[in-house]
Protein chains: 2
Amino acid sequence: MIDSNIIDRLRRIAGNENVLAAREDLLAYSYDATNTWKHAPDVVVLPVNVAQVSEILRLASENRVPVTPRGGGTNVSGGSVPIKGGIVLCTTRLDRIIEINRANLHAVVEPGVVLQDFNTALARQGLFFPPDPQSFAGCTMGGVVAENSGGPSCLKYGVTRQYVLGLEVVLADGTVVKLGGLTPKNRTGYELAMLFTGSEGTLGVISRIILRLLPAPKASRTIVAAFDDVATAGETVSSIIAGSVLPSKVEFVDNWTFEKFRGLLPDETLDSSQVILLIQVDGLPETVEAETQLVEATCQQNTPWIKVAVDSTEAERYWQARRAHFSDISSRAHTIVNEDVSVPRDKIAEFIRLSQESARRHDVPISFAGHVGDGNFHPVVLTDNRDREHYQRALMCVDEIIETALSLGGVLSGEHGIGLEKQRFLKKALDPAAINIMKKIKDVLDPLHILNPGKIWEEDSKIPLNPFRVNPSG
Amino acid sequence: MIDSNIIDRLRRIAGNENVLAAREDLLAYSYDATNTWKHAPDVVVLPVNVAQVSEILRLASENRVPVTPRGGGTNVSGGSVPIKGGIVLCTTRLDRIIEINRANLHAVVEPGVVLQDFNTALARQGLFFPPDPQSFAGCTMGGVVAENSGGPSCLKYGVTRQYVLGLEVVLADGTVVKLGGLTPKNRTGYELAMLFTGSEGTLGVISRIILRLLPAPKASRTIVAAFDDVATAGETVSSIIAGSVLPSKVEFVDNWTFEKFRGLLPDETLDSSQVILLIQVDGLPETVEAETQLVEATCQQNTPWIKVAVDSTEAERYWQARRAHFSDISSRAHTIVNEDVSVPRDKIAEFIRLSQESARRHDVPISFAGHVGDGNFHPVVLTDNRDREHYQRALMCVDEIIETALSLGGVLSGEHGIGLEKQRFLKKALDPAAINIMKKIKDVLDPLHILNPGKIWEEDSKIPLNPFRVNPSG
């Protein structure tokens with residue numbers, strides 16, 4: 001438990017109204033969207049300007065208090081759980097959209113802006129920011145950058161790091177650093193803004209973000225196709241992309257969630273198919289028409305069952321059914337283990353086949369959904385963590401799935417990051433020399449290891465585990 | 001001068017045929033495309049595999065010998081000039097295209113592959129790698145990554161870092177590190193591949209590159225428009241982009257190089273105009289048709305003089321005229337000073353107006369060309385370095401142009417990097433705290449500062465200046 005004197009000083013820095021220390025408040029900041037790890041901080045501080053962020057970090061450094069940065073807390077790898085206690089530095093009150101510049105196609109935002117609010121503001125000016133994690137309604141821009149967020153639209157448009165032009169970051173010792181700038185081309189020294197992008201709050205607190213924007217596509221079209229088997233669906237995706245059409249999204253759901261498509265697609269199709277692909281093309285109306293026809297023609301080579309949504313209302317129904325996958329699966333089991341591997345596109349069918357074999361071998365149910373155009377899958381294993389034996393089998397199955405992805409040239413995480421969830425695989429997934437460089441960079445930027453301690457790698461933290469531990473789940 | 005013993009050991013590592021130490025060979029490796037700085041190395045080694053790269057660097061580390069990595073030597077900031085002597089590690093014999101994977105849209109190449117050869121190989125499979133620096137016929141992929149190359153096509157497609165999926169890098173001590181992977185989404189630890197991208201050979205030697213590819217556009221169209229003044233041309237560019245068309249290229253030439261367009265465009269147009277915009281749209285044929293019409297309509301609001309190339313042969317003539325800008329300008333003066341700033345798109349007209357004022361004030365001729373869609377300009381000041389007084393005025397003008405770009409929210413370099421050329425501006429262009437982080441990262445990765453010493457920042461190098469100096473220009 002940190003000294004009450006620290007909490008008093010935080011109140012003086014950020015104001016009483018921006019410091020929370022009541023037990024019920026601490027519980028609210030003790031978990032993230034994984035709901036797996038729970039650990040309460042000693043205090044939560046919600047700074048309203050960068051000067052406060054700097055003072056908070058200087059105070060924390062001087063007293064070697066752990067600081068876990070967090071925004072909306074929607075992350076799904078344990079990254080924002082304050083497992084060593086100390087301070088949660090929550091950026092949600094740094095929530096100004098400072099500039100939207102239509103002529104230069106850039107925006108400047110604070111880290112606490114909610115992604116959906118940002119895109120609503122952009123849409124009013126005919127602009128958009130493509131990354132679209134499923135948590136868009138609650139996640140905040142600081143987390144979008146710190147987690148280098150993805151989503152379905154990244155197939156065509158790329159992930160968050162492809163939109164970061166510049167950052168203002170507060171280092172562990174309170175130093176405020178400006179990185180990058182306003183222009184898409186910038187060759188002034190090392191790509192430091194990229195180093196903080198995806199660093200999961202372990203290298204600094206992002207206090208301001210400059211993002212490249214795109215003009216919003218004027219039109220879009222959704223094509224739905226059902227397939228008898230996974231391999232054919234995978235080949236169809238490859239053929240579409242090889243045919244010079246880069247759809248904005250190509251999403252995959254398996255028959256575990258076909259119920260959500262009842263009423264939208266014919267029963268006989270749902271009953272006889274294994275996979276649904278949802279494909280969206282976007283751009284100018286003429287472009288969209290041409291690309292829709294090409295996608296349709298390519299799908300027709302592999303399945304008789306294709307539907308093109310007549311309008312955006314119909315399209316939105318299919319996308320809602322797709323987005324419902326996770327909640328639908330979650331409702332079918334007491335516990336789910338949600339994975340996030342990414343494999344090369346030419347290994348998609350093999351990956352699914354091998355993963356299904358693992359599930360059969362361990363006798364656990366498994367469902368697949370994901371951003372198949374990118375080879376990024378979220379396999380979900382259904383289990384019950386009260387049944388120790390079943391839960392162990394589920395975890396073994398997930399371990400095998402990760403091994404499978406790595407053996408096929410894939411990666412440990414496509415979108416969710418390492419956080420707490422994937423630490424035990426890090427040494428298998430990365431070159432030890434690369435981990436060594438990461439640790440050295442950590443040492444340089446946060447020599448006392450006060451920032452988000454215990455994340456990414458299991459480290460011999462210089463900060464002891466907080467003896468005061470609140471674990472609401474017991 | 002390094003010990004002859006080191007040269008012998010290099011011969012044992014890389015083979016006699018891959019080590020050059022004759023004076024005429026050293027002269028050939030003493031300069032880059034700036035032709036401003038000349039300094040011969042003591043020895044040139046051209047390794048043929050990564051094991052040799054590693055051994056060379058270990059030997060250099062043990063003996064604290066400077067190592068300047070270089071490929072085609074086409075860079076234009078002095079970056080590959082071995083100003084401290086020692087070893088030039090030339091990667092041009094690491095020239096294999098290891099894999100082109102059409103299904104996953106990735107390629108694996110060695111650093112010595114020439115960009116044009118790479119794109120020729122990709123074109124055979126209907127693929128392409130968008131960055132297109134003007135040096136494409138001679139620059140090598142290691143340099144493309146180490147300089148984070150740009151070019152006209154980056155408007156639509158982004159710069160090199162947006163295509164780097166993974167790297168193999170050899171550190172100063174000889175350690176070989178694998179970074180990133182094969183998938184476009186990869187959230188496994190820090191973005192270390194991004195740190196080496198654009199690091200100008202100061203952090204490691206890139207020995208293998210994994211790149212994201214795109215399907216080649218099936219069609220393209222070139223639109224040429226002439227404008228009475230710079231401001232109107234700039235507004236036209238903004239209107240095109242705001243209209244949801246992202247051309248693949250929007251290039252700008254001023255009337256200094258209009259002679260190259262004689263015979264291509266009507267004389268009366270050339271005589272009465274100040275600026276030509278060359279705009280290329282690409283994609284599916286239907287898309288290209290729609291976008292061409294939109295670009296034409298937007299241009300028509302601002303100029304009566306527009307021409308759409310009827311075919312690729314005609315289009316190529318315009319692009320040749322555009323590419324001739326630099327050689328044309330170079331032939332008009334004994335010495336030219338070529339700049340490479342980038343400004344926000346909404347500041348383009350103001351930037352050119354202020355730069356022209358600087359040129360008038362210092363009484364030096366100036367010409368502008370550039371990737372205007374990105375706000376990335378290459379102003380060229382014409383001078384004669386034998387006329388000290390004129391040359392001084394030219395340099396003062398260039399300094400003012402850089403100050404102007406920075407004051408408008410622009411950056412010191414859009415494409416060329418810092419190298420030697422822009423060191424004196426670095427402290428003005430970057431936050432001192434950012435420079436501090438860069439130096440610390442340099443210290444971690446290259447503690448003896450043997451890699452490309454004397455570049456990016458003027459440092460108190462730990463390696464003394466080589467007393468053996470060959471300066472062919474006297």
Side-chain angles (χ1 to χ4, degrees), chain A residues 102-104 148 150 154 158-159 161-162 175 177-179 181-192 194-195 197-199 215 218 238 241-242 244 284 286-287 290-291 342 344-346 374-376 409-418 429-431 433-434 437-438 440-441 444 456, chain B residues 102-104 148 150 154 158-159 161-162 175 177-179 181-192 194-195 197-199 215 218 238 241-242 244 284 286-287 290-291 342 344-346 374-376 409-418 429-431 433-434 437-438 440-441 444 456:
Chain A
R102 201 163 188 278
N104 191 45
N148 191 11
C154 297
V159 294
R161 76 169 162 88
Q162 280 149 334
T175 306
V177 194
K178 289 188 194 329
L179 306 170
L182 299 173
T183 64
K185 286 181 176 169
N186 187 349
R187 283 288 298 105
T188 318
Y190 303 154
E191 295 285 339
L192 292 185
M194 291 298 97
L195 189 59
T197 302
S199 66
K218 294 239 192 272
S238 293
I241 293 172
S244 289
L284 295 174
E286 299 86 343
T287 313
E291 296 196 342
S342 204
R345 291 185 187 95
D346 52 335
D374 268 332
N376 179 210
V411 297
L412 183 54
S413 170
E415 299 183 324
H416 297 172
I418 304 302
L430 286 184
D431 184 340
I437 296 175
M438 290 180 196
K440 283 181 173 175
I441 288 174
V444 158
I456 301 186
Chain B
R102 199 161 190 279
N104 191 45
N148 191 8
C154 299
V159 294
R161 76 169 162 88
Q162 280 149 335
T175 306
V177 194
K178 290 189 194 326
L179 306 170
L182 299 172
T183 64
K185 285 181 178 169
N186 186 350
R187 284 287 300 106
T188 319
Y190 302 155
E191 294 285 339
L192 291 186
M194 292 298 96
L195 190 58
T197 302
S199 66
K218 294 239 192 271
S238 293
I241 294 172
S244 289
L284 294 174
E286 299 85 343
T287 312
E291 295 196 343
S342 203
R345 291 185 187 93
D346 52 334
D374 268 332
N376 178 210
V411 298
L412 183 52
S413 171
E415 300 184 322
H416 297 172
I418 304 302
L430 287 185
D431 184 339
I437 296 174
M438 290 180 197
K440 283 181 174 175
I441 288 173
V444 158
I456 302 185

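In what follows, every heavy atom counts, from backbone to side chain, and hydrogens, waters and symmetry copies are set aside. Quick note on labels: first sequence line is chain A, next is B, and so on, each numbered from 1.
Of the atoms belonging to A:Thr183, it is side-chain heavy atoms, and not backbone ones, that fall under 4.5 Å from chain B. Only the side chain of B:Leu192 comes within contact range of chain A, with at least one heavy atom under 4.5 Å from a heavy atom of that chain. Heavy atoms of B:Leu179 lying under 4.5 Å from chain A belong exclusively to its side chain. Contacts between B:Leu430 and chain A at a heavy-atom distance below 4.5 Å involve the side chain alone, from C-beta outward. Using a 4.5 Å cut-off between heavy atoms, B:Ser199 touches chain A through backbone and side chain atoms alike.
Within the 4.5 Å cutoff, the side chain of B:Ile456 has heavy atoms near those of the A:Tyr190 side chain.
Across all non-hydrogen atoms, the minimal contact from B:Lys185 to A:Val411 is O-CG2, 3.5 Å.
Interface remark: of the candidates B:Asn186, B:Thr287, B:Leu412, B:Asn186 forms the most heavy-atom pairs closer than 4.5 Å to chain A. Per-residue counts of heavy-atom pairs under 4.5 Å with chain B were compared for A:Asn376, A:Leu195, A:Leu284; the largest is that of A:Leu284. Between chain B and the options A:Pro184, A:Gly181, A:Ser238, heavy-atom pairs under 4.5 Å are most frequent for A:Pro184. Per-residue counts of heavy-atom pairs under 4.5 Å with chain B were compared for A:His416, A:Lys440, A:Arg102, A:Glu415; the largest is that of A:Glu415. The candidate with the highest count of non-hydrogen atom pairs below 4.5 Å against chain A, out of B:Pro215, B:Gly414, B:Ala429, is B:Gly414. Interface summary for chain B: among A:Glu286, A:Met438, A:Met194, A:Lys178, the most heavy-atom pairs under 4.5 angstrom belong to A:Met438. With chain B as the partner, the residue from A:Leu182, A:Asp374, A:Val159 showing the most heavy-atom pairs under 4.5 Å is A:Asp374. Highest contact tally toward chain B, considering only A:Ala434, A:Ala103, A:Ser413, is held by A:Ser413 [criterion: heavy-atom pairs under 4.5 Å]. Top candidate by heavy-atom pairs under 4.5 Å with chain A, chosen from B:Pro344, B:Gly410, B:Gly375, B:Gly150, is B:Pro344.
For B:Arg161, the salt bridge (charged side-chain N to carboxylate O under 4.0 Å, His left out) criterion is met by A:Glu191, not counting sequence neighbours. Looking at residues two or more places apart in sequence or on another chain, you find a side chain to side chain contact (heavy atoms under 4.5 Å, CB included) between B:Thr175 and A:Ala433, B:Leu171, B:Asp173, B:Val177.
Within the model, atoms CD of A:Gln162 and SG of A:Cys154 stand 8.0 Å from one another, a figure rounded to the nearest 0.5 Å.
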